[in-house]
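Excluded from the calculations below are hydrogen atoms, water molecules and symmetry mates; all remaining heavy atoms, backbone and side chain alike, are included. Everything numeric in this text was worked out from a predicted model, so none of it was measured.
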Amino acid sequence: SFVLLAMVCSAQGSPQRNRKVKATFIGDLVQTDHKVEGKVYIIDENTIAIDKFGYDGKGFGVYIHVATQGNNLDDYEGNKILVPYPTGSEGEPIEEEYDGT
């Protein structure tokens, strides 16, 4: 199972907008700061998608992390992987307000 950790530090829109793919809904981003929100889907064993992503732009930005191993939040924090967003980068923060459109 995946645990998605949206770390408040940065934000941006997806160039994949309106792309149709088969995906499995796994949950909403919850208990976040700065109105980070979105619906998380698994596309395949290497791909997740966050639909309707939002961020108020008032923090330092949002980094997207994923953890697949652990029994509690501390374990997941210790096993997190920074998602290279945008694609081809080493992971850049999303810093501007984004309302999912």
Side-chain angles (χ1 to χ4, degrees):
S1 66
F2 285 95
V3 171
L4 183 76
L5 306 169
M7 305 303 285
V8 173
C9 287
S10 285
Q12 291 170 352
S14 169
Q16 311 268 336
R17 185 167 296 154
N18 297 323
R19 179 177 164 211
K20 304 261 188 226
V21 296
K22 183 175 179 175
T24 302
F25 178 70
I26 57 171
D28 294 305
L29 297 177
V30 296
Q31 299 178 349
T32 66
D33 294 327
H34 296 287
K35 298 182 182 176
V36 172
E37 60 188 354
K39 298 187 172 299
V40 182
Y41 296 84
I42 295 176
I43 307 276
D44 60 38
E45 67 181 36
N46 296 310
T47 310
I48 62 167
I50 303 173
D51 190 32
K52 298 183 179 156
F53 178 81
Y55 167 61
D56 69 9
K58 296 182 179 168
F60 293 109
V62 176
Y63 286 94
I64 305 297
H65 291 88
V66 175
T68 59
Q69 297 177 351
N71 295 315
N72 56 49
L73 185 56
D74 288 337
D75 287 349
Y76 287 120
E77 284 276 343
N79 291 301
K80 68 185 177 190
I81 300 165
L82 177 62
V83 174
Y85 178 84
T87 301
S89 76
E90 291 188 25
E92 298 173 12
I94 302 166
E95 297 175 324
E96 301 295 322
E97 179 178 2
Y98 189 75
D99 67 4
T101 58

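The side chain to side chain donor-acceptor pair (under 3.5 Å) check on K52 picks up nothing, with sequence neighbours excluded.
When atom types are taken as modelled, the side chain of D28 and the backbone of V30 share no donor-acceptor pair closer than 3.5 angstrom. Remark: side-chain polar atoms of Y76 are paired, donor with acceptor, to backbone N or O of G70 under 3.5 angstrom.
Shortest non-hydrogen contact noted between A67 and K80 is CB-CA, 4.0 Å. Considering all non-hydrogen atoms of both residues, I43 and A49 come closest at CD1-CB, 4.0 Å. Closest heavy-atom contact between V36 and Y55: CG2-CD1, 3.7 Å.
A distance of 12.0 Å separates CG in D44 from NZ in K22, rounded to the nearest 0.5 Å. One distance of note links CG of N72 with CD of E77; it measures 10.5 Å at 0.5 Å rounding. Remark: L29 CG to K39 NZ distance equals 9.5 Å, nearest 0.5 Å. Atoms CG and OH, from D56 and Y98 in turn, are 15.0 Å apart once rounded to the nearest 0.5 Å.
For the pair N79/T68, no side-chain contact is recorded, criterion being any heavy-atom separation below 4.5 Å from C-beta on. Residues Y63 and V83 have side chains not in contact (no heavy-atom distance under 4.5 Å, counting atoms from C-beta outward).
When hydrophobic clusters are built by joining Ile, Leu, Val, Met, Phe, Trp and Tyr residues whose side-chain heavy atoms come closer than 4.5 Å, directly or via intermediates, Y41 is not grouped with I50. Residues I26 and F53 are members of one and the same hydrophobic cluster, defined by side-chain heavy-atom contacts under 4.5 angstrom among Ile, Leu, Val, Met, Phe, Trp and Tyr.
Here I81 sits alone; no ILVMFWY side chain lies under 4.5 Å from its own, so it joins no hydrophobic cluster.
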